[in-house]
S.K.: 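Structure provided below as structure tokens; questions to follow.
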2 protein chains.
Amino acid sequence: MKYEAVTIKDIAKELGLSTSTVSRALRDSYEISPETKKMVLEYAEKINYRPNPIALSLKEKRTRSIGIVVAEIANSFFSQIINGIESIAYDKGYNVIITQSHESFERELINVQYLASRSIDGLLISLASETRDLSHLKHLHERGYPIVFFDRIVDEIDTHKVIVDNKKGGYDATKHLIESGYKHIAALANAEYLSITRDRLGGYQAALEDHKIKYDESLVKFCLHGGLVYDEVEQALDSLFKQKKKPDAIFAAADKLTTNCLRYFKARGIRVPQDIAVIGFSNIDLTELLSPSLSVVRQPAFEMGQVATELLLNLIESKRPVKDFETKMLQPDLFIRESTSRKK
Amino acid sequence: MKYEAVTIKDIAKELGLSTSTVSRALRDSYEISPETKKMVLEYAEKINYRPNPIALSLKEKRTRSIGIVVAEIANSFFSQIINGIESIAYDKGYNVIITQSHESFERELINVQYLASRSIDGLLISLASETRDLSHLKHLHERGYPIVFFDRIVDEIDTHKVIVDNKKGGYDATKHLIESGYKHIAALANAEYLSITRDRLGGYQAALEDHKIKYDESLVKFCLHGGLVYDEVEQALDSLFKQKKKPDAIFAAADKLTTNCLRYFKARGIRVPQDIAVIGFSNIDLTELLSPSLSVVRQPAFEMGQVATELLLNLIESKRPVKDFETKMLQPDLFIRESTSRKK
DNA sequence: TTCGTTACCGGGAACGATTGCGTAAAAAAA
DNA sequence: TTTTTTTACGCAATCGTTCCCGGTAACGAA
């Protein structure tokens, strides 16, 4: 079914004018007489004319759209970021195209390629947890394509980046557990090579050191898909509890890891925090309604989206190639609730 | 910062060919000699040529993209629907552009207009709760623009629609409350004129009648934004509890309404289900982790997205105008948990 | 030698909109 | 009246790609 749209030619033909005159009349050019303008405007209104953005994009080599790649929009952290992105983008007259990688490298590649092939003016991306090969992004970046990384960033590509202080988040969470009397603190993290994993575990390790607790590698488990699939978390926790030295607390370094931990404990009748304390990175807005209510490290996701978008729009609208890139770091917040209540 | 992309002209110039020849070589036309093809293909590969989808869209009058308008991607119901939509769309080679109305009519209008102005081939939409004026959609539909409604539909526009059996959902939930011994069952619903409100309350009312309980209008409250803002729910519940006839159970007809009810009760120390039972429409995947775990009517959201997308692609790819439209109805599931446990 | 094929390739219009430039006619200045 | 200026519009190029027409070699057949 073809949807035939009204074009400037239809107006021109109907009114016996040239397309240039119609175009200028619509843009209120001084070169067009008031009578002609009125006639064009009225007829355009009557037949509900809308300029074709595709044609404009082709001519102007810009689309006034920006692309987003996130792991999962179902993840509160990302949906809050997207809301932050939209709040800035729409103000500046940009549209936003959202895509999901579902933590898959292949899907990320497809999305980036689709977005980059000139359907958008710039890209905001948080890497999929599977992604190790960055050539698709390097290629774009080398050719001057505006890219801003947020959340999951990479060192190899020099551009604007926005993150939270993940090390501090991991440190604060671990410190809180230690000070609450927990001794054997396990950590559950996303894929090992991700920036957020490195930093959050770095904070975890630093807190242990500062409190003279020996770092025990066997207490740290990784989930390649960030807990997106429950099995992954189940396996990690199974192996954690099979060890002779059982943890009495766990620090989960991502949203899905945290909730899937709770699910695992509930399924097995392991009581939180009596049997094990739980704290995790999470931005879900139901934490206080959970049983037990959940202690979390919360990231300023909305703000993160705003900052990233501002940086991206700067890149896009800059006249000259930008060589001076910055990495903005926001501060996470620690919320103490029942799931880590002090050990008796 | 301008990002200069490689075009077919660059290849033509470098190789001393015409653009037509290069174009044909790239599309493997029989009219081009094997040597020329090889040369073009290799050079295109070398400089990483990608066809410009904007130019193609302009020429072919199609974009192979479909647009989505939902209230909130942060809402699990909608994010599950989106995943269903993507699963079908990507298989068929379509890209998906997601937009949010945030329950605002104005935002919906902007999004629909942006999407419809030929950036997409068809539209999947669940109306914003504020939306009463449908002229923006009627206009498009009359001109043959492919539209499929899901979740929140309208009678006035005759096209494909996908819903769940909302009346049954409301009926089952209410029946369950009645059979558990609750007498004064309140209902909290979305904006009054929405199809989902009408149907779900219809089920509620039918269940009351079938059990010889008189329908009491004062026990039914509406929230214009579907509980998106907490205040709205707070006001509704305040007025509900100020009445002399206090409810002993509540049926919340939407996701955010349900969780905000729990939040309200928790804040005021009202115990669920001892003081009041709660059941609601919800697709959040944390219901069993809540305190108390939540009884819900769950919709097959993923499937809904799939069905809607299949219908839309049928419309888009149909050669002749489609006049025969259908409304597909899926079945909701009732999950009984602690929040409605039998009254003593 | 000449005609007909076949194999290859180029020119140019088209998609919808903008815009620099050219130019009639009308108005103003000389 | 003549010249200049202003007004108000049209022509055509442009963006990147496809595709309908052609066109021109080379080669075999008559």
Side-chain angles (χ1 to χ4, degrees), chain A residues 2-41 43-44 47-65 113-114 116-121 143, chain B residues 2-41 43-44 47-65 113-114 116-121 143:
Chain A
K2 270 286 186 310
Y3 165 71
E4 291 297 336
V6 176
T7 77
I8 221 168
K9 281 188 194 167
D10 300 326
I11 302 178
K13 199 183 296 171
E14 174 68 25
L15 265 39
L17 294 168
S18 74
T19 58
S20 10
T21 305
V22 174
S23 172
R24 272 183 275 248
L26 290 170
R27 332 203 99 245
D28 201 28
S29 161
Y30 67 97
E31 287 186 284
I32 306 298
S33 71
E35 304 84 59
T36 308
K37 274 183 195 168
K38 185 160 175 290
M39 185 173 67
V40 170
L41 252 22
Y43 186 68
I47 62 174
N48 198 30
Y49 166 80
R50 305 268 165 229
N52 184 333
I54 304 273
L56 284 177
S57 296
L58 182 59
K59 184 142 182 51
E60 297 181 1
K61 302 195 176 203
R62 58 179 296 165
T63 59
R64 297 198 76 87
S65 301
Q113 237 138 38
Y114 165 71
S117 56
R118 281 153 294 182
S119 301
I120 56 161
D121 297 340
R143 309 241 307 263
Chain B
K2 269 285 184 313
Y3 165 72
E4 291 299 336
V6 176
T7 78
I8 223 167
K9 281 188 194 168
D10 300 325
I11 302 179
K13 197 183 297 169
E14 174 67 26
L15 266 37
L17 294 168
S18 74
T19 58
S20 359
T21 304
V22 174
S23 173
R24 270 182 279 249
L26 291 170
R27 333 202 101 245
D28 201 27
S29 160
Y30 68 96
E31 288 186 285
I32 306 297
S33 71
E35 303 85 58
T36 308
K37 273 184 194 168
K38 186 160 174 289
M39 185 172 69
V40 170
L41 253 21
Y43 186 67
I47 61 174
N48 198 31
Y49 167 79
R50 306 267 165 232
N52 184 335
I54 304 272
L56 283 178
S57 296
L58 181 59
K59 193 144 181 50
E60 296 180 3
K61 300 190 176 210
R62 59 179 294 164
T63 59
R64 297 198 75 86
S65 302
Q113 237 138 36
Y114 165 71
S117 56
R118 279 153 295 183
S119 301
I120 56 162
D121 297 340
R143 309 243 306 264

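Here is how names work: the chains are called A, B, and so on, in the same order as the sequence lines, proteins then strands, and each is numbered from 1.
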S.K.: Locate the shortest heavy-atom distance separating A/D10 from A/A5; write the atom from each residue and the value.
M.R.: OD2-O, 3.9 Å
S.K.: Output yes when at least one side-chain N/O atom of B/K61 is less than 4.0 Å from OP1 or OP2 of C/dA14, else no.
M.R.: no
S.K.: Would you kindly give the CD1-to-C1' distance between B/I8 and D/dC15, to the nearest whole Å?
M.R.: 14 Å
S.K.: Using the rule side-chain contact (heavy atoms from CB on, under 4.5 Å), only one of A/I8, A/I11, A/T7 pairs with A/T19; which is it?
M.R.: A/I8
S.K.: Could you check which residues of residues 15-24 of chain A get a heavy atom under 4.0 Å from DNA chain D? Sort them by number, please.
M.R.: A/G16, A/L17, A/S18, A/S20, A/T21, A/R24
S.K.: Rounded to the Å, how far apart are B/N52 CG and D/dT14 C1'?
M.R.: 14 Å
S.K.: When you check the side-chain N and O atoms of B/S33 and B/T36, is any donor under 3.5 Å from an acceptor?
M.R.: yes
S.K.: Rounded off to whole Å, could you give me the CG-to-C1' distance for the A/L58 and D/dT17 pair?
M.R.: 9 Å
S.K.: Please work out which residues in residues 28-38 of chain B have a non-hydrogen atom less than 4.0 Å from an atom of DNA chain D and list them by number.
M.R.: none
S.K.: Rounding to an integer number of Å, can you tell me how far B/K13 NZ sits from C/dG10 P?
M.R.: 15 Å
S.K.: Mind calculating the distance between CD (A/E60) and C1' (D/dG16) to the nearest angstrom?
M.R.: 15 Å
S.K.: Looking at A/K37 and A/D28, is any side-chain nitrogen of the basic one under 4.0 Å from a carboxylate oxygen of the acidic one?
M.R.: yes
S.K.: Under the 3.5 angstrom rule, does the side chain of B/S29 hit a backbone N or O of B/A25 as a donor-acceptor pair?
M.R.: no
S.K.: Do B/V22 and B/L15 come close enough that some side-chain heavy atom pair is under 4.5 Å?
M.R.: no
S.K.: To 10°, what angle do the rotation axes through the five end pairs on each side of the helix from C/dT1-D/dA30 to C/dA30-D/dT1 form?
M.R.: 80°
S.K.: Let me know the distance between CZ of A/R62 and P of D/dG16, rounded to the nearest Å.
M.R.: 16 Å
S.K.: Assess, by modelled atom type and distance only, whether the side chains of B/T21 and B/S18 contain a donor and an acceptor separated by less than 3.5 Å.
M.R.: yes
S.K.: Within the distance-only criterion (no hydrogens, no angle test), does the side chain of B/D121 pair as donor or acceptor with the backbone N or O of B/R62 below 3.5 angstrom?
M.R.: no
S.K.: Verify side-chain contact (heavy atoms from CB on, under 4.5 Å) between A/R24 and A/S20, making sure each step is shown before the conclusion.
M.R.: CA-CA 6 Å; A/R24 272 183 275 248; A/S20 10; 3.2 Å; yes
S.K.: Can you tell me how far C1' of D/dG16 sits from NZ of B/K59, to the nearest Å?
M.R.: 10 Å
S.K.: I need the CD1-C1' distance between A/I54 and C/dA17, as an integer number of Å.
M.R.: 12 Å
S.K.: Using the rule given for side-chain contact (heavy atoms from CB on, under 4.5 Å), can you reason through A/L26 versus A/L41, listing the C-alpha separation, both sets of side-chain angles and the distance that settles it, and then say yes or no?
M.R.: CA-CA 6 Å; A/L26 290 170; A/L41 252 22; 3.7 Å; yes
S.K.: Is it true that the side chains of A/R50 and A/N48 contain a donor and an acceptor less than 3.5 Å apart?
M.R.: yes
